[in-house]
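Residue numbers count from 1 along this sequence. What you see below is based on every heavy atom in this structure, not just the backbone, and it leaves out hydrogens, waters and symmetry mates. Computed from a prediction, not measured in an experiment: that's the story for all the values here.
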Amino acid sequence: MPADQFKEEEFSGKLTGEVFSRILSLLRPYWLRVIGFLVTVIIVSVLDAYFTYLGMQIVDQGILTGNREMLYRILIRYGSLILVQSASIFGFVYLVGILGERIRYDLRQKLFNHLQKLSLSYYSQTPVGWIISRVTNDTERVAELMTWGLLDATWGAVNIITGLIFMFSINWKLALIVFAILPILLYTAVQFQKRILTQFRTVRKVNSKITASHNENISGVRVVKALGREDKNLEEFSELSDEMYTAGFRAAWLSALFLPGVQIISAFAIGGIIWYSGVQINFQGITIGGISAFLSYMTFMMWPIQDLARVFAELQRAIASAERIFALEDTTPDVLDKPSAYDPGTMRGDISFEHLFFWYEDELPVIKDLNLNIKRGETIALVGSTGGGKTTIVNLLCRFYEPKRGRILIGGHDYTDLSLEAIQSRIGIVLQTPHLFSGTIKENITYGRLKASQEEIEKAAKLTRAHQFIERLEKGYDEEVGEGGVLLSVGQKQLISLSRAVLSDPEIFIMDEATSSVDTLTEALIQDGMEAVMKGRTSFIIAHRLSTIKRADRILVIEDGQIAEMGSHNELLRLKGKYFNLYTKQFRSEREGAYNIFQEPDISNDKQVD
């Protein structure tokens, strides 16, 4: 799905009670660690403020008075507290690091588990890049907020509070100047961060589109190169990159203005303190050490104010990320087990489709009043034009989707009364485009049955005619297939996919265009394997190559979601209807391709006979 066709829901980034409660629930299992790192952060922050106060005492009570004994006592106290602060710094860095990793692990594990449960419809409507962005970027942002963000907020707030307390203890009149300027600093910082956040939101949205674009272009690189789409793709990608660059540039420009603005306001406060301090000194209201401490506290409070503004911006970004994560968690599968769902023990039996209706979009039915009875062990072939509803029928049978109206019976049971595990674990599917996972051939064949023995693996491969090419490979069944099976041919991947389905010992077998992408020799191998696998099993074959379905017990011509014709190969040929037309056209096309009867003969080198 193109990234620009997917409409992402908007999230406010506002902290509501529900969102706050769910965010805090992430910390609940680790509350002792949270308390530990908050206590250590508070200790570090309070000691930072106290060290400035000790500096004032060193100047006023030690250096200016020449009292060495007092100076030594203060220095011993200072040194002892440095050790306490160092231990506290180690404590909060360690605890925050461990806590952050645990939250990331929990979030990603929870999302991955939930994604396994979502229905096929969710993945058909949602770009892969968008899902990956939630599992990676959003979880990272929430984890950062709940650890380092919480740490910075705690440190900044405690710094400001302790700084003000010490200022008031030194000189309450000067402290009032700082206290008056503090709201202006906070307001300025927050306003800057709001505007910076707006640009970062744009960056995030465009980044999701870029991720989706990357995924599509990399996964479809063969098509891109075959059709010469590099320049057009580069143009489209450049537009996204330009949009992201513009938003990022504005954010950087505002960030560059932010610090000078805070410093200018702080300079007025420092100037007021210095001017008023001179008056106070004349009236003996403040000491030299006190002035030095005040200026230090002023500087001491500047960075926490900036940190709080930054955390405020990150809070909104992280809340938006949390909302996206929770929205994914709250997404319910379209297909769910009933509370009373059960496993009948087998799917062997007759299959009935009764007055079946289905649509992906309202008022656009794909299947219309389908009625069909299939005997146990029967092989059914589905043919017809693209978009007629063939794949939808088998998707409904697999319960990837459920009928909108009507019902499907398997062995006399309404299949919505059965558990999804009971149905899907007993159905084997081989798709038109086989998908292999990174790893060895053996690991791919045993993907659905991990405990299969080597003998069982080889038996399945021999049955599907895959063993012939596997044993010729250097490492045999331990040969690596590469990402998506790129190290193997399409036919080899298809044979492995077929072996995987056979090893799972399905009771219902489905072949969805399994031979459409392979050559005729490989098709013959797959056809032999299919016939061996389908013996004694209820089977469904979707095929465009009609030569592969001649031996099917019944062939169904599907048009506009309905059965247009039904019968055996010979019966339908004698009927001379839609199937006859499909078959004769395809047969004629194959013969023309083989003999090229319409090509004019080359007589340039013919010898003339007298």
Side-chain angles (χ1 to χ4, degrees), residues 112 116 128 132 214-230 424-506 509-535 537 539 541-545 547-548:
F112 186 82
Q116 306 303 301
V128 174
I132 292 174
H214 266 307
N215 179 74
E216 286 195 340
N217 281 284
I218 292 172
S219 60
V221 65
R222 285 188 177 89
V223 178
V224 171
K225 290 188 175 296
L227 298 178
R229 278 274 306 188
E230 291 92 341
Q424 294 170 357
S425 65
R426 293 181 173 91
I427 295 178
I429 305 177
V430 181
L431 302 173
Q432 176 181 1
T433 305
H435 183 84
L436 299 187
F437 298 89
S438 298
T440 64
I441 290 175
K442 179 180 178 180
E443 289 169 341
N444 273 279
I445 293 177
T446 60
Y447 191 80
R449 189 179 164 195
L450 300 177
K451 296 182 179 179
S453 65
Q454 183 65 29
E455 183 181 353
E456 290 173 320
I457 296 169
E458 292 185 10
K459 182 180 178 181
K462 288 175 181 176
L463 190 65
T464 61
R465 312 300 189 264
H467 183 75
Q468 299 174 20
F469 87 84
I470 295 175
E471 65 178 352
R472 292 197 297 268
L473 298 174
E474 183 180 352
K475 297 181 181 178
Y477 286 86
D478 293 321
E479 189 80 22
E480 293 285 333
V481 303
E483 184 179 357
V486 294
L487 300 180
L488 302 176
S489 70
V490 175
Q492 290 172 333
K493 289 192 288 185
Q494 197 64 279
L495 290 172
I496 292 174
S497 179
L498 187 59
S499 302
R500 179 168 60 198
V502 170
L503 186 64
S504 65
D505 192 24
F509 193 68
I510 296 172
M511 298 282 289
D512 189 352
E513 300 283 5
T515 62
S516 62
S517 301
V518 298
D519 57 72
T520 53
L521 293 176
T522 306
E523 180 185 3
L525 283 175
I526 295 174
Q527 188 70 23
D528 288 343
M530 286 168 54
E531 291 179 3
V533 171
M534 291 188 295
K535 287 181 180 177
R537 293 184 170 93
S539 304
I541 305 173
I542 298 175
H544 277 124
R545 288 185 183 175
S547 57
T548 64

Ser539 side chain vs Arg537 backbone, donor-acceptor pair below 3.5 Å: yes

Counting only N and O atoms by type, is there a donor-acceptor contact under 3.5 Å from the side chain of Arg465 to the main-chain atoms of Ala461? no

Between the side chains of Lys442 and Glu479, is the shortest nitrogen-to-carboxylate-oxygen separation below 4.0 Å, so that they form an ion pair? no

Smallest separation among heavy atoms of Asn444 and Phe437, with atom names: OD1-N, 2.7 Å

Heavy-atom donor-acceptor pair, Ser499 side chain to Leu495 backbone, under 3.5 Å: yes

Results of side-chain hydrogen bond (donor to acceptor under 3.5 Å, both in side chains) for Tyr447 - residues two or more places apart only: none

With distance as the sole test, does Arg426 use its side chain to make a donor-acceptor pair with the main-chain N or O of Pro506 at under 3.5 Å? no

Has Gln454 got more than 12 heavy atoms of other residues, nucleotides or ligands less than 6.0 Å from its CD? yes

Value rounded to 0.5 Å, distance of CD1 in Ile441 from CD in Glu480: 9.5 Å

Any chance you could measure Glu443, atom CD, to Ile457, atom CD1, to the nearest 0.5 Å? 10.0 Å

Is there a donor-acceptor pair under 3.5 Å between the side chain of Gln492 and the backbone N or O of Ser489? yes

Measuring from Ile445:CD1 to Ile496:CD1, what's the distance to the nearest 0.5 Å? 6.0 Å

